[in-house]
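Everything below concerns the one structure shown next.
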Amino acid sequence: MAIMQNFLTVITLLNIIMAVTIIFLERRNASSTWAWLMVLLFIPVLGFALYLILGQKIRKRKLTKLMGVNQRIIEDTVDRQKRELKAREFVFADSSMQQYQDMMYMNLNSSFAVLTSNNAVQIFTDGNRKFDALLNDIEGAKHHIHLVYYIVRDDELGRRLVKALAAKAAQGVEVRFLYDHIGSSSLPRRFFSELRAAGGKEAAFFPSRIPYVNMKINYRNHRKLAIIDGMIGYIGGFNIGDEYLGLSVHFGEWRDTHLRVEGNAVLQMQAQFLMDWNLAASGKIVLDENYFPYKKERIGSIGMQLVASGPDTEYQQIKDAYIKMIYAAKKTICLQTPYFVPDESLMTALKIAALSGVDVRMMLPSKRDHFFVYWATHSYLGELLAGGVKVILYEKGFLHAKTLVIDGRIASVGTANLDIRSFKLNFEMNAFIYDTQTAAKLQRIFDQDAQYCLQLTQDLYEARPLMNKFKESVSRLLSPIL
């Protein structure tokens with residue numbers, strides 16, 4: 001009995017210490033603080049363990065130093081573009097983009113997102129077409145192939161991709177494959193044996209050093225990037241697995257959005273890959289001009305910024321860019337996201353836009369793939385509906401796209417969901433596109449998807465079962481740490 005009392009005393013003291021640490025030392029936001037205090041209070045032993053694994057903050061640092069890149073060159077380019085934008089001297093192929101110069105300036109300021117305007121973009125909404133194009137570009141690679149994906153499956157698509165990469169590695173092409181250790185936790189080590197034998201390299205992002213224990217489990221690389229010879233880049237929502245080809249019985253058709261980019265915007269993807277690789281892999285990449293084939297000629301005329309964010313950055317750059325876009329809207333806002341777990345600033349921006357007469361439409365999947373996130377998402381919908389936001393639920397398979405289109409003029413496509421995890425905890429990257437034609441294409445895709453949606457009305461939402469309301473309430477309490 002005495003041993004148990006001593007044990008409870010120790011646990012109580014540790015909980016107090018943790019609570020003091022959370023409140024006074026780490027200076028978290030209030031919602032996150034309360035969520036962790038509740039976990040410590042109601043599940044003291046398990047809560048203590050969860051905090052050690054999930055609650056740690058990652059050390060802030062400038063990622064440019066991890067790559068060993070000449071930071072002065074980057075800073076000079078950013079400073080020059082900031083001066084040009086302030087003086088209204090930056091030349092846009094699409095003159096209507098001048099009204100968004102303050103947003104471009106913010107992205108330069110907060111995330112060193114260099115503005116490029118010579119890009120060509122192809123939009124994929126079907127996994128078969130996306131991976132056919134990627135495999136075709138892999139086959140044509142001459143110098144290097146760099147991939148980073150959150151989820152990689154040991155299935156037909158995964159093995160097909162690795163076989164293609166191994167063939168290129170055997171030809172002398174540099175092949176590097178970075179995957180997230182938690183997102184791809186079911187991946188056997190033998191999966192990359194053919195690639196390794198051919199001279200290719202693979203690395204796991206933040207792997208577990210101790211079996212079944214990962215102290216960085218909360219900080220995952222959620223990016224999906226492919227860079228071919230520094231000239232072609234892919235970014236978007238598709239991971240690597242048969243379900244992304246629509247072959248899952250549970251999900252059915254998989255609806256996602258991915259971009260194939262040519263132009264100098266690819267160099268920003270390349271820089272991010274090199275930084276991620278040098279953070280995760282033992283064999284660091286030594287900079288070479290072949291990784292950054294800067295093009296002076298105009299491949300296309302699309303303006304673009306590649307904005308990266310993560311738990312080791314000072315700002316929540318992608319969230320800030322989303323909010324800046326929302327406040328810039330005059331007529332329409334079209335959002336597609338599989339998960340919606342916002343903070344107060346994003347909720348406020350959407351409600352203010354709707355109350356101001358902007359037609360705000362948010363498309364979410366009607367199916368669920370994560371229990372708590374799904375119900376936390378639905379807990380926010382009543383507040384959106386009351387504010388005038390139109391919520392529509394996609395019923396033709398599973399919607400996984402992360403797309404935002406403003407007034408049919410500017411758009412964002414990338415890897416970040418509209419949730420706190422993507423904004424604060426995951427390593428993400430989004431393409432912010434300044435081009436009326438591309439935004440109009442994405443708008444048309446949204447309108448086509450809307451044909452397969454059920455509109456959620458206030459009456460339908462209020463009539464949901466009591467058990468659903470209970471699930472929503474519990475999940476929402478945990479939303480800051482989901």
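Please read all numbers here as calculations on a predicted model, not as lab measurements. We're numbering straight along the sequence, starting at 1.
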- Item | Test side chain to side chain contact (heavy atoms under 4.5 Å, CB included) applied to Asp320 and Met325, Met103, Met106, the passing residue |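 So the option named by the test is Met106.
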- Message: Asp256 and side-chain hydrogen bond (donor to acceptor under 3.5 Å, both in side chains): which single residue from Lys224, His400, Lys402 fits?
- Response: His400
- Message: Are Phe432 and Tyr434 an aromatic pair, judged by ring center distance below 6.0 Å?
- Response: no
- Message: For Phe206, does the six-membered ring have the charged nitrogen or CZ of Arg220 within the cation-pi criterion, i.e. under 6.0 angstrom from the centroid and within 45° of the normal?
- Response: no
- Query: Can Lys396 be said to sit on top of Tyr452's aromatic six-ring, NZ or CZ under 6.0 Å from centre and within 45° of the ring axis?
  - Reply: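 Yes, cation above the ring, under 6.0 Å and within 45°.
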- Query: Would you say Glu139 has more than 12 foreign heavy atoms packed within less than 6.0 Å of its CD?
  - Reply: no
- Taking atom CD of Glu156 as the centre, report whether more than 12 heavy atoms of other residues, nucleotides or ligands fall under 6.0 Å from it.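 For Glu156, atom CD is not crowded (no more than 12 foreign heavy atoms under 6.0 Å).
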Between [X] and [Y], what is the ring plane arrangement, given parallel below 30°, perpendicular above 60°, and tilted in between?
X      : Y      : answer
Phe177 : Tyr179 : perpendicular
Trp254 : Tyr244 : perpendicular
Tyr234 : Phe124 : parallel

May I ask you to decide whether [X] forms a salt bridge with [Y], counting only side-chain N to carboxylate O separations under 4.0 Å?
X      : Y      : answer
Arg361 : Asp447 : yes
Glu243 : Lys367 : no
Lys319 : Asp343 : yes
Arg176 : Glu174 : yes
Asp94  : Arg409 : no
Arg160 : Asp132 : yes
Asp359 : Lys331 : no

- Item | Any donor-acceptor N/O pair, Asn107 side chain to Ala113 backbone, under 3.5 Å | no
